[in-house]
Amino acid sequence: MLTPNVANLGLQFSCSMNCLTRICPLITLRLLACQSRGSMNWLYRNIGRAIHGYVVKVGRDVRDDVSVNSALVFMYPRFGDLDPAGSIFWSMPERNVVAWNTMISVYAQTGNIKETWGLFNQMLVEGFEANEITLSCMANSSNELLQGMMIHGLVIKIGLIEDEIIGASLIDMYARLNSLVDAQKLFDVKPRSEMGSWNSLILGYAKNGYPREALNLFYRLRDHRNLCPNSISFLGALNACAALGAVKEGKVIHDYFVNSGFKVDRIIGTSLIDMYSKCGCVDTARDIFEGMKDKDLVAWSAMISGHGVNGEVKEAIKLFDRMRKNYHLKPDNVIFTSILSACSHSGMLEEGWFYFNEMKRVYGLEPKQEQYACIVDLLGRAGKLDESLDFIKEMPIEPDVSVWGALLGACRIHNNMKLGIYAAEKLFELETKDAGYYVLLSNLYAAIGRWNDVKKVRELMKSRGVQKPPGRSWVDLNGSIHEFFVGDKSHPQSDKIYMKLDELGEKMKEMGYIPDTNLVLHDVDDEVKEEKLTSHSERLAIAFALINTKHGEPIRVTKNLRVCADCHRTTKLISKITGRKIIVRDARRFHHFEGGKCSCADYW
DNA sequence: GTAGGGTTAG
């Protein structure tokens, strides 16, 4: 029985027309129940549509009911159908705050920031008063600090600053806008008993580049006299471990979760898949994934990208095909992004194009910036730079920073100065604050010795307040983290580390290795450049790990920036010389080095 | 009835 009808939904009533309104709450409840995100999604979608059909037919009282309509507005976007939500909302004969909130939250969740703010303004103009849920949604869809502060001000003015929902949303907002100090301040003045605030701040730190702080806060909560972590707190902690690549710490937290009596549900399961994948333990992630009873799109998504990011493209594609064949799940933009990026990082040009076309043809999904960037990347890495530019020119939407950035990255790989500089100009017109792009352009200029332009890029960064974080690499040795900066000599074992690097350097030179000094960003002579290169943070970390682990044991290193081409070559050689498996996770992906080769096949 | 916690490229 695949097509539900009203009879089997329990909505057949024998009541006269004037008591029709009585069934509205029941219909509303049924509609709201249609929001499973699991593998039964398709069935609920059919049920929801059937109920909607019934609502339209049964009579004006039901058709015009505010709750019923709000529930419909709420339901459709859960199935990815945004249009019906908008048209239902606008054709409602009367609306209340809940109806407005529902529509605002739909726009906020789908990232339509302009529409969200427009709706919010109109709601106020029409004389409705914002409540805690409205303002929580608005905090959510503030993507600039000024907007956020305005909402914060409004919260104070309306007298809702004590509200727990709002407190958590504001913390979340400040963290997302990279204003962790403000987030911490809000947390500090809140009554500490509010779990919402703890969780918001733990997640805020974890997701916004401060994983260590997230874990510290999580441990404070663990040791708290009156409170203990709930499953959301664990999400934050696992997220932080994923960001750190700290698999041992992650495993301890995983065990702690289970021993505390929590059940690994779909959400924690997905988070575990993500954590283990991002720590390079794809097998463990896979075990958890296979053990999950009801996998939804997000779980599949996490596992597919887990394979992709670890260089296992074939596995990623196999899994994607399995998902489409065996389940009634409709892939979304996120899954396609993972698949496309996996293809581009393995140079699978044809496959990438195939999936890009399939997105629209089979699933009716409109490609977004992310997917366009993937294709630009795909063409660019394969050396088809002109085709890549043509592709950008034909895009139906205005290319954003990520698209131009992908072209710039490809130009650097293939040393195409002219096009690279063009891409960079386009990129910087968009006023990005992402330091990585400035470094790319700077590298381009440095490679051809245009030091004046290198200086100009630096000045541009300064004037725009862009800061390049210093390169850091770290190793998790028996649960404690050892961290290294470029040229770092502060570690107690520093002498041994540099001796190890010298020893490896000699062996590498015997194998014909010549350092690529183009990659050092300073206007200095070659000897000094070489010295800087040999002390890149990941090399220090690798040498440290070699000294402190048993022979044959794999080495895991995490780096905050992307690994440079020279370190990549070097690590390949070190894996051959020492016979060790070296797993490096950089800011973007994994490199599994073994026997002189890397899983990324030199595409990254 | 409406919010908040899992997945995404460059």
Side-chain angles (χ1 to χ4, degrees), chain A residues 24-25 27-29 31-32 37 65-75 96-106 108-109 131-140 163-169 171-172 195-196 199-200 202-203 206-207 230-236 238-239 242 265-275 277 296-306 308-309 332-342 344-345 368-378 380 400-410 427 432 434 436-437 440 562 587-589:
Chain A
C24 288
I27 295 180
T28 306
L29 278 175
L31 284 170
L32 293 171
R37 309 235 323 138
D65 185 79
V66 190
S67 312
V68 168
N69 279 301
S70 299
L72 284 168
V73 171
F74 177 75
M75 178 194 77
N96 58 13
V97 180
V98 176
W100 282 99
N101 285 351
T102 308
M103 196 64 228
I104 286 177
S105 80
V106 164
Q109 279 162 9
N131 66 12
E132 71 279 12
I133 298 195
T134 328
L135 292 166
S136 165
C137 287
M138 292 318 294
N140 232 330
D163 186 89
E164 178 163 5
I165 294 175
I166 293 203
S169 303
I171 290 175
D172 184 70
M195 281 305 294
N199 290 343
S200 280
I202 293 174
L203 269 156
K207 283 166 113 176
N230 63 19
S231 89
I232 313 286
S233 330
F234 277 93
L235 275 183
L238 291 173
N239 215 304
D265 61 5
R266 205 158 58 200
I267 289 175
I268 287 286
T270 306
S271 183
L272 286 168
I273 292 171
D274 184 53
M275 188 272 289
S277 299
D296 66 356
L297 200 59
V298 184
W300 283 91
S301 203
M303 196 61 244
I304 288 171
S305 78
V309 92
D332 63 356
N333 286 62
V334 176
I335 290 223
F336 275 104
T337 309
S338 301
I339 286 287
L340 289 175
S341 114
S344 91
H345 287 286
K368 294 189 192 169
Q369 301 284 2
E370 295 96 300
Q371 290 86 39
Y372 284 110
C374 284
I375 294 291
V376 169
D377 192 63
L378 188 71
D400 77 351
V401 171
S402 64
V403 175
W404 289 115
L407 184 62
L408 175 60
L427 187 62
T432 172
D434 189 325
Y437 296 128
L440 270 180
R562 298 188 67 170
R588 296 251 190 270
R589 60 184 41 255

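Chain letters run A, B, ... following the sequence lines, proteins first and then strands; every chain starts at 1.
- Among the atoms of the strands shown, base atoms are found under 4.0 Å from some heavy atom of A:I133.
- At the heavy-atom level, A:D265 lies nowhere under 4.0 Å from the strands shown.
- Side-chain N/O atoms of A:S105 include none lying less than 4.0 angstrom from OP1 or OP2 on B:dT2.
- Checked against B:dG1, B:dT7, B:dG10, the side chain of A:S67 finds its nearest nucleotide in B:dG1.
- When distances run from any side-chain atom of A:N239 to the nucleotides B:dG6, B:dG1, B:dG4, the shortest one goes to B:dG6.
- The interatomic distance linking A:I27 (CD1) with B:dG1 (C1') rounds to 14 Å, in whole Å.
- Nucleic acid contact for A:D377: sugar-phosphate only, since backbone atoms but no base atoms lie under 4.0 Å from a heavy atom of the residue.
- In terms of modelled atom types and a separation under 3.5 Å, the side chain of A:Q371 and the main chain of A:N333 share a donor-acceptor contact.
- If you check every strand for non-hydrogen atoms under 4.0 Å, A:A168 touches nothing.
- Residue A:S402 places no side-chain atom within donor-acceptor reach of the base of B:dG10, judged by atom type and a 3.5 Å distance cut-off alone.
- Across all strands shown, A:I165 has heavy atoms under 4.0 Å from base atoms, whether or not it also approaches the sugar-phosphate.
- The side chain to side chain donor-acceptor pair (under 3.5 Å) search around A:S301 returns none, not counting sequence neighbours.
- Rounded to whole angstrom, the span from the CG atom of A:D332 across to the P atom of B:dA9 amounts to 13 Å.
- Residue contacts for A:T102: at a heavy-atom cut-off of 4.0 Å it reaches the sugar-phosphate backbone alone, with no base atom in range.
- The CZ-P distance, from A:F234 to B:dG4, rounds to 23 Å in whole Å.
- Taken to the nearest 0.5 Å, the CD1 atom of A:I335 stands 9.0 Å off from the CH2 atom of A:W300.
- Using a 4.0 Å heavy-atom cutoff across all strands shown, A:V68 reaches no nucleic acid atom at all.
- Evaluation of the salt bridge (Lys or Arg N to Asp or Glu O under 4.0 Å) rule for A:D172 yields no partner, not counting sequence neighbours.
- Counting non-hydrogen atoms under 4.0 angstrom, A:Q109 reaches the backbone sugars and phosphates but no base.
- When heavy atoms are screened at a 4.0 angstrom cut-off, A:D400 is found touching no nucleic acid atom at all.
- Out of B:dA9, B:dA3, B:dG6, the shortest distance to the side chain of A:A373 is found at B:dA9.
- Taking atom CD1 on A:I267 and atom C1' on B:dT7, their separation rounds to 11 Å, with Å as the unit.
- Formation of a donor-acceptor pair under 3.5 Å by the A:S200 side chain with backbone atoms of A:G196 is found in this model.
- Across all strands, A:N230 comes closer than 4.0 Å to no nucleic acid atom at all (heavy-atom distances).
- We find that CG of A:L340 is positioned 20 Å from P of B:dT7, with the value rounded to whole Å.
- Contact between the side-chain N/O atoms of A:N199 and the OP1/OP2 oxygens of B:dG4 is not found at any separation under 4.0 Å.
- Using a 4.0 Å heavy-atom cutoff across all strands shown, A:Y437 reaches at least one base atom of the nucleic acid.
- At a cut-off of 3.5 angstrom, the base of B:dG6 holds at least one donor-acceptor pair with the side chain of A:D296.
- Under the 3.5 Å distance criterion, the side-chain polar atoms of A:D274 are left unmatched by any main-chain donor or acceptor of A:S277.
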